[in-house]
Protein chains: 2
Amino acid sequence: MSPYTLRYYEREGLIIPQRDKNDRRYYTKQDIGWIGFLLHLKGTGMSMNEIKKYVELRAQGDNTISQRKELLQQVQTNSLSRINEMKMHLEVLNHKIDWYEGKLDHSISEEFADYLKRFE
Amino acid sequence: MSPYTLRYYEREGLIIPQRDKNDRRYYTKQDIGWIGFLLHLKGTGMSMNEIKKYVELRAQGDNTISQRKELLQQVQTNSLSRINEMKMHLEVLNHKIDWYEGKLDHSISEEFADYLKRFE
DNA sequence: TTATTACTTAGAGCGTACTCTAAGTCAAGA
DNA sequence: TCTTGACTTAGAGTACGCTCTAAGTAATAA
């Protein structure tokens with residue numbers, strides 16, 4: 001993670017690092033843990049806006065826990081769908097690669113265009 | 001897929017639709033099949049630049065087949081890595097959701113911060 | 001014949017998530 | 001004391017993938 005990204009996240013209100021007596025930033029273990037968690041959220045495909053929403057809810061305290069949970073569950077559902085979509089698209093890619101193998105082997109192979117029709 | 005996107009792909013050289021006598025576009029079954037395949041490529045996470053590269057190779061004929069196959073294999077590898085990454089990030093999300101369940105149940109639960117340390 | 005409608009083009013604009021620049025401050029080493 | 005270097009800020013710029021606008025043309029309906 002670049003310092004640029006760190007500043008950007010800070011500007012967006014996702015992180016609030018500590019400051020020393022000279023007003024310079026330092027990151028506590030908690031700060032770093034929190035940033036790590038943000039990266040996990042990002043990694044699931046959560047957008048900046050969703051993360052901001054989550055951070056706002058968090059700032060409002062314990063009575064937003066169920067909302068936060070719902071938000072994360074939504075993200076979880078979306079993420080799983082995206083994974084499944086990618087897997088489906090990968091299957092076509094796999095088939096195309098196999099088809100290239102066939103072409104390279106000069107063996108008989110179903111026309112790829114015909115195969116593709118199965119996905120329409 | 002919006003007509004805007006279709007024009008965009010055309011400008012980028014990914015598709016070359018047919019034209020009628022009045023110079024208006026029409027898409028043959030092959031065109032549509034090709035667009036469908038492009039969407040599968042996109043769906044695996046392939047970037048416009050990678051797709052353009054692929055299209056260029058394709059335009060050069062059969063002696064680029066092994067290069068095209070290698071390109072797709074690279075995309076396949078990247079896509080699988082991304083899926084696995086997402087799964088890992090999802091595990092953390094799942095745990096956080098479970099932790100919220102715990103909080104909501106007022107039952108004892110490991111501090112999430114402690115759990116997160118396991119990923120550092 | 002005129003008006004409407006559906007297309008055409010080039011090019012500008014947008015949303016997202018960064019990434020970088022420029023100008024300034026300030027503590028520490030030579 | 002000077003200078004170096006590491007930080008600070010606000011704001012501009014970039015890459016990607018679209019998305020939209022404006023101005024023009026041309027076939028069809030009234």
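First the proteins, then the strands, lettered A, B, ... as listed; each starts at 1.
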d(OH, B/Y26; C1', C/dT8) in whole Å:
17 Å
Whole-Å distance between C/dC18 C1' and A/M1 CE?
10 Å
Atom of A/M86, atom of B/S79 and distance for their closest heavy-atom approach
CE-OG, 3.4 Å
Could you list the protein-to-nucleotides 2-6 of chain D atom pairs, N/O on both sides, closer than 3.5 Å?
unit_1, atom_1, unit_2, atom_2, d
D/dA6, N3, A/R24, NH2, 3.4

Restricting to nitrogen or oxygen on both sides, can you table the protein-nucleotides 28-30 of chain D pairs closer than 3.5 Å?
none

ILVMFWY cluster, A/M1 and B/M88 together (side-chain gap under 4.5 Å)
no
Can you list, by residue number, the residues of residues 74-85 of chain A that have a non-hydrogen atom closer than 4.0 angstrom to DNA chain D?
none
So CG of B/L93 and CG of A/L72: to nearest 0.5 Å the spacing works out to 5.0 Å
Using only atom types and a distance under 3.5 Å, with no angle test, would you say the side chain of B/S2 pairs donor to acceptor with the backbone of B/T5?
yes
Nearest heavy atoms of A/D23 and A/R19, plus distance in Å
O-NH1, 2.7 Å
Rounded to whole Å, the CG-C1' distance (B/L39 to D/dC18) equals 13 Å
Taking only heavy atoms on the protein side, list every residue of residues 3-22 of chain A lying under 4.0 Å from any atom of DNA chain C, sorted numerically.
A/Y4, A/T5, A/Y8, A/Y9, A/R11, A/N22
To the nearest angstrom, how far is A/M48 atom CE from C/dT19 atom P?
12 Å
Of all heavy-atom pairs linking A/L90 and B/Q76, the shortest is CD2-CA, 4.0 Å
B/R25 side, atom CZ; B/I16 side, atom CD1 - distance, nearest 0.5 Å:
12.0 Å
Is B/K52 close enough to D/dG17 that one of its side-chain N or O atoms is under 4.0 Å from OP1 or OP2 there?
no
Given D/dT8, D/dC18, C/dT19, identify the nucleotide with an atom nearest to the side chain of B/K42.
D/dC18
Closer than 3.5 angstrom, by distance alone: can the side chain of B/D31 be matched with the main-chain N or O of B/T28 as a donor-acceptor pair?
yes
Lys/Arg N to Asp/Glu carboxylate O, B/K53 vs B/E70, below 4.0 Å:
no
Return the value, rounded to whole Å, for the distance between atom CG of A/L38 and atom P of C/dA17.
13 Å
Go through B/Y100 and A/Q73 one step at a time and tell me if the side-chain contact (heavy atoms from CB on, under 4.5 Å) criterion holds.
CA-CA 11 Å; B/Y100 279 137; A/Q73 276 171 334; over 6 Å; no
Please name the pair of heavy atoms, one in A/G45 and one in A/E50, separated by the smallest distance, quoted to 0.1 Å.
O-OE1, 4.3 Å
Could you pull out every donor-acceptor pair under 3.5 Å between side chains of residues 33-44 of chain B and any protein atom, sequence neighbours left out?
unit_1, atom_1, unit_2, atom_2, d
B/W34, NE1, B/L14, O, 2.6
B/H40, ND1, A/H89, ND1, 3.0
B/T44, OG1, B/L41, O, 2.6

Integer-rounded Å distance: C/dC7 P and B/D23 CG:
14 Å
Taken to the nearest whole Å, CD1/A/I51 to P/C/dT16 is 13 Å
Taking salt bridge (charged side-chain N to carboxylate O under 4.0 Å, His left out) as the definition, give me every residue that meets it alongside A/E91, ordered by chain and number, with sequence neighbours left out.
none
B/Y27 reachable from B/Y4 in the ILVMFWY side-chain graph, under 4.5 Å edges
no
